[in-house]
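Below is one structure; the comments refer to it alone.
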Amino acid sequence: GGMGLDGTESKIAYILVAIGLVLMGIGAKHMKSALMVLAFSVFMMFPAMEVNAQSEQILSDEIIGYCDEIGERYCIAPELLMAIAERESTGNPLAVNGGCIGLLQISERWHLDRMERLGVDDLFDPYSNILVGADYLMELAEKHGDVALVLSIYHGESKAFENHKNGVISGYAKGILERSEELERE
């Protein structure tokens, strides 16, 4: 009973008040930013109505640029590098997980020779990290050919070869390949 508003009604009331404020002459000059604030507050109030996550840009423009440049250098689809960076570190160059570092989660102890050959001394540096990852992927591709197998080995899966022999694609490889295709379409 009473005049208390339940959750939904108070949200609707809030939106109506916000719309009222926008229309009440914040002035055309500020209309765009006011509408953006309004859109943002509506978005914040209805987290269930999330925007399709795939359309969000997870990686910075800088990182996408590095993926393009290094991908071209190694003849690797830049979208594949982007998909791995999204999956491994959510685009965070400072990500650390166990002994794995940076965007593509490179394990320094396994790649010291590679790092030296490439002149890399800092795996937290986005460019250097992608460079080492791409170099490793290229080596695996030259050795094994099949991209799903390459991704499984990159991911450190103990059953990579067994799965490949049995025609099984790991969840990791499947996810990377699907996301890579999605990025190519965008």
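Numbers for residues simply follow the sequence, beginning at 1. It should be emphasised that the depicted structure is a prediction, and the values quoted were computed from it without experimental measurement.
- Taking the side chain as every heavy atom from C-beta outward, M82 and D68 approach each other to under 4.5 Å.
- At a threshold of 4.5 Å between side-chain heavy atoms, the hydrophobic network of Ile, Leu, Val, Met, Phe, Trp and Tyr places I169 and L137 in two separate groups.
- Judged by distance alone, the side chain of S152 and the main-chain N or O of A148 form a donor-acceptor pair under 3.5 Å.
- Here CG of L149 is found 9.5 Å from CG of N163. Values are rounded to the nearest 0.5 Å.
- Smallest separation of non-hydrogen atoms from L59 and Q57: O-NE2, 2.8 Å.
- Pairing each heavy atom of I63 with each of L103, the nearest pair is CD1-CD2, 3.7 Å.
- For the atom pair CG (D121) and CE (M115), the distance works out to 7.0 Å, reported to the nearest 0.5 Å.
- The pair R73-E69 does not count as a salt bridge, with every side-chain nitrogen at least 4.0 angstrom from each carboxylate oxygen.
- When side chains are defined from C-beta on, L112 counts as touching E108, because their heavy atoms get closer than 4.5 Å.
- Note that the CG atom of L123 and the CD1 atom of I130 stand 11.5 Å from one another [nearest 0.5 Å].
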Legend entry - Test log, rule salt bridge (Lys or Arg N to Asp or Glu O under 4.0 Å), inputs E182 and R179: CA-CA 5 Å; E182 241 163 46; R179 181 58 178 145; 3.1 Å; yes
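- Below 30°, between 30° and 60°, or above 60°: for Y172 and H155 the angle between ring planes is below 30°, a parallel geometry.
- Put simply, the side chain of Y127 does not reach to within 4.5 Å of the side chain of D122, judged on heavy atoms.
- Separating the NE2 atom in H164 from the NE2 atom in H144 is a distance of 9.5 Å, to the nearest 0.5 Å.
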Inset, instruction - Evaluate the side-chain contact (heavy atoms from CB on, under 4.5 Å) criterion for residues R117 and D135: first the C-alpha distance (whole Å), next the side-chain angles of each, then the deciding distance (0.1 Å), finally the verdict. - result: CA-CA 10 Å; R117 175 168 53 80; D135 193 81; 2.6 Å; yes
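- Contact check for I153 versus K143: no side-chain heavy atoms found under the 4.5 Å cut-off.
- With hydrogens and angles ignored, the 3.5 Å screen pairs no side-chain donor or acceptor of N166 with any backbone N or O of V168.
- Remark: L104 CG to I70 CD1 distance equals 8.5 Å, nearest 0.5 Å.
- The local environment of CD in E139 is crowded, with over 12 non-hydrogen atoms from other residues, nucleotides or ligands closer than 6.0 Å.
- To the nearest 0.5 Å, atom CD of residue E86 and atom SG of residue C67 are 9.0 Å apart.
- When hydrophobic clusters are built by joining Ile, Leu, Val, Met, Phe, Trp and Tyr residues whose side-chain heavy atoms come closer than 4.5 Å, directly or via intermediates, F161 is not grouped with W110.
- Taking every heavy atom of both residues into account, A95 and F124 meet most closely at O-CE2, 4.4 Å.
- Smallest separation of non-hydrogen atoms from N97 and Q105: CB-OE1, 3.1 Å.
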